[in-house]
Amino acid sequence: MKNILVIYTGGTIGMVKDENTGALRCFDMKKIYEILPVLKELNCNIETYQFNPIIDSSDMNAKVWLKLSQYIKAVYDLYDGFVILHGTDTMSYTASALSFLLENLAKPVIITGSQLPLGMIRNDGRDNIISSIELAANTDVLIPEVCIFFDDKLYRGNRTTKINAEYFEAFYSGNMPSLAKVGINISYKEHLILPKPEKELKVYENLCEDVAILKIHPSIQISHIDCVANIPNLKGLILETYGSGNAPTNSEFLSAIKRTIEKGITVYNVTQCKAGKVQMGHYAASYALREMGVLSGKDITTEAALAKMMFVLGNFSDKTEIRNLLENNLRGEITL
Ligand code: ASP
């Protein structure tokens with residue numbers, strides 16, 4: 001029997017109906033078998049751990065990611081897999097951050113949540129929890145990755161983006177197909193799942209919070225760029241550019257980016273598109289960025305880029321190493 005730890009951080013999924021008042025309130029994880037008795041039929045032991053306080057995922061941040069990864073490190077040997085219940089709003093950021101913090105992960109870490117609370121008659125939380133636990137405990141295919149399970153699909157977590165605030169199909173992974181699909185049976189795409197690492201788990205202890213995102217848009221003002229670049233202590237700037245990495249070509253814009261780089265800030269180019277990649281130099285509109293030393297995020301998502309910059313700038317200091325780490329694949333987040 002596999003041992004699975006379910007960690008409840010908060011979010012919509014954990015709201016249940018109060019028996020006395022009928023109002024929705026937060027779920028007590030210790031009562032997971034009372035709320036979902038069907039879990040007893042899964043062939044695994046389930047233990048639970050509840051955040052105190054539980055948080056709406058809008059309050060998620062680097063400090064909580066570090067706590068979560070350190071907690072997983074502390075109990076890693078006791079369990080075969082981990083399921084994290086989390087709000088959907090920042091789920092892709094958390095999945096990305098954990099993927100970088102947990103190097104040489106050899107066990108499944110599956111994050112899930114729901115659009116409707118467990119306490120509603122019609123809800124997606126029930127299936128999401130059951131399938132996530134089943135996937136984490138499965139004995140056929142090892143999934144040594146940080147994943148998101150949502151609406152019947154298992155995704156590589158650092159490839160996802162929340163794209164829908166209404167329907168159950170809330171997540172999208174434009175540059176990486178799902179790793180498994182749950183229907184009558186579970187169909188795994190084994191060739192896409194990361195291999196089991198040979199080395200021991202290494203959990204990093206730092207994330208740099210001095211990172212910002214600047215979305216390029218028509219008529220972007222130079223004062224806006226300068227204002228972001230002048231954030232005290234800023235170390236990394238993610239430029240969310242158009243299409244394959246394009247940005248305005250006027251000299252005022254380019255000078256503002258150059259000034260940013262000259263301050264020692266690492267500038268990382270990611271696309272605003274939900275699929276496809278940055279190819280700097282493909283158009284004249286990105287050639288100048290490459291020439292001045294902007295790094296390419298290739299097909300990384302903005303969520304993974306933020307987590308990756310926090311991770312790389314928090315744990316490495318050599319400029320060449322930082323460049324290599326950011327432009328290359330570390331945890332399946334970039335297709336080379
Ligand atoms: N605001 C909630 C959260 O992200 C939404 C959700 O759980 O879906 O925590």
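The first residue of the sequence shown is numbered 1, and numbering continues consecutively from there. Just so you know, ligand 1 is whichever comes first in the structure, and atom 1 is the first atom listed for that ligand.
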- Message: Taking the ring centre of each residue, are F171 and Y155 less than 6.0 Å apart?
- Response: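 No, the ring of F171 stays outside the 6.0 Å limit from the ring of Y155, centre to centre.
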
Indicate yes or no: does an N/O atom of [X] lie under 3.5 Å from an N/O atom of ligand 1?
X: T90; result: no
X: S58; result: no
X: D89; result: yes

- Task: Could you list the atoms of ligand 1 found under 4.0 angstrom from a heavy atom of G87?
- Result: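 Once the distances to G87 are compared, the set is 3 (C), 4 (O), 6 (C), 7 (O), 9 (O).
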
- Under 4.0 Å from any heavy atom of G11, which atoms of ligand 1 are there?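 With G11 as reference, the close atoms of ligand 1 come out as 7 (O), 9 (O).
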
- Item | Derivation of the side chain to side chain contact (heavy atoms under 4.5 Å, CB included) call for V203 and Q70 | CA-CA 7 Å; V203 182; Q70 286 303 318; 3.7 Å; yes

- Full working for side chain to side chain contact (heavy atoms under 4.5 Å, CB included) between M29 and L85: CA-CA 10 Å; M29 269 304 273; L85 307 184; 4.2 Å; yes

- Item | Aromatic ring pairing Y71/Y49, orientation class (parallel under 30°, perpendicular over 60°, tilted between) | parallel

- Should the pair F82 and Y76 be assigned to parallel (<30°), tilted (30 to 60°) or perpendicular (>60°) ring geometry?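 Parallel.
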
- Message: With a sphere of 6.0 Å drawn around CZ of R126, does it hold more than 12 non-hydrogen atoms of other residues, nucleotides or ligands?
- Response: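 Incorrect, the count does not exceed 12.
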
Which residue and non-hydrogen atom of the protein lie closest to [atom], and at what distance in Å?
atom: atom 8 (O) of ligand 1; value: T88 OG1, 2.4 Å
atom: atom 5 (C) of ligand 1; value: T12 OG1, 3.4 Å
atom: atom 9 (O) of ligand 1; value: S57 N, 2.7 Å

- Kindly say whether T161 contributes a backbone atom to a donor-acceptor pair with the side chain of E303 at under 3.5 angstrom? no

- Do any heavy atoms of S114 fall under 4.0 Å from ligand 1? yes

